[in-house]
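Quick notes on the structure that follows.
Values reported hereafter were calculated over all heavy atoms of this structure, with side chains retained and with hydrogens, waters and symmetry mates removed. These numbers were taken from a predicted model, which means no experiment stands behind them. All ligand and atom numbering here is 1-based and tracks the order in the structure.
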Amino acid sequence: MNEIDGTDESVRAQLEELRDSIDNIDAAVVHMLAERFKCTQRVGRLKAEHRLPPADPSREARQITRLRELAENAKLDPAFAEKLLNFVIAEVIRHHETIAREPVPGAADEGRDG
Ligand SMILES: C=C(O[C@@H]1C=C(C(=O)O)C=C[C@H]1O)C(=O)O
């Protein structure tokens, strides 16, 4: 037992080791999400330049089917994986809608003379 707070020293050591791994995983998730958003921002600009809609529901349906299968194989709750992907996609679509409202660099200003 630890004299200060009464917690067994080996329990504290195990907790610390597990939390170190959790911190590394969280850092990896943040970096992976940052890379994903870099790609989706480029998709958003491409779509805006070519007047394509911000959302693509058929692509999303394929991604959800694929992710649910990956989750099942990885013993992760597929419903959780689907919720997470939908949460991320909703944010991406919000970004794409914002980009679509911005003026396209180099394009003629259609609003200027009517
Ligand atoms: C990134 C895209 O735009 C949207 C966002 C998606 C995503 O974050 O994976 C998927 C489909 C689209 O609704 C895309 O069309 O590929």
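Atoms CG and NE2, from Asp26 and His31 in turn, are 12.0 Å apart once rounded to the nearest 0.5 Å. Here CZ of Arg68 is found 8.5 Å from OG1 of Thr65. Values are rounded to the nearest 0.5 Å.
Of the candidates His95, Lys47, Arg36, it is Lys47 that places a heavy atom closest to atom 14 (C) of ligand 1.
Contact analysis leaves Gly44 out of contact with ligand 1, as no non-hydrogen atom separation drops below 4.0 angstrom. Look at Val88 and you'll find every heavy atom at least 4.0 Å from all atoms of ligand 1.
Each of the atoms 13 (O) of ligand 1 lies under 4.0 Å from some heavy atom of Ile93. Close contacts between ligand 1 and Val92 involve ligand atoms 5 (C), 8 (O) [criterion: under 4.0 Å to a heavy atom]. Residue-ligand proximity, His96 to ligand 1, at heavy-atom distances under 4.0 Å covers atoms 1 (C), 2 (C), 3 (O). Which parts of ligand 1 touch Gln63 is read off a 4.0 Å heavy-atom cut-off, strictly below it: atoms 7 (C), 9 (O), 10 (C), 11 (C).
Residues Arg66 and Glu69 are not paired through a salt bridge, judged by the lack of any N-O separation under 4.0 Å between the basic side chain and the carboxylate. Taking the charged nitrogens against the carboxylate oxygens, Lys38 and Glu35 do have a contact shorter than 4.0 Å, which makes a salt bridge.
Between Ala55 and Glu60, the shortest heavy-atom contact is CB-OE2, 4.0 Å.
Proximity of Pro54 to ligand 1, defined as any heavy-atom pair under 4.0 Å, is confined to the backbone N, CA, C and O atoms.
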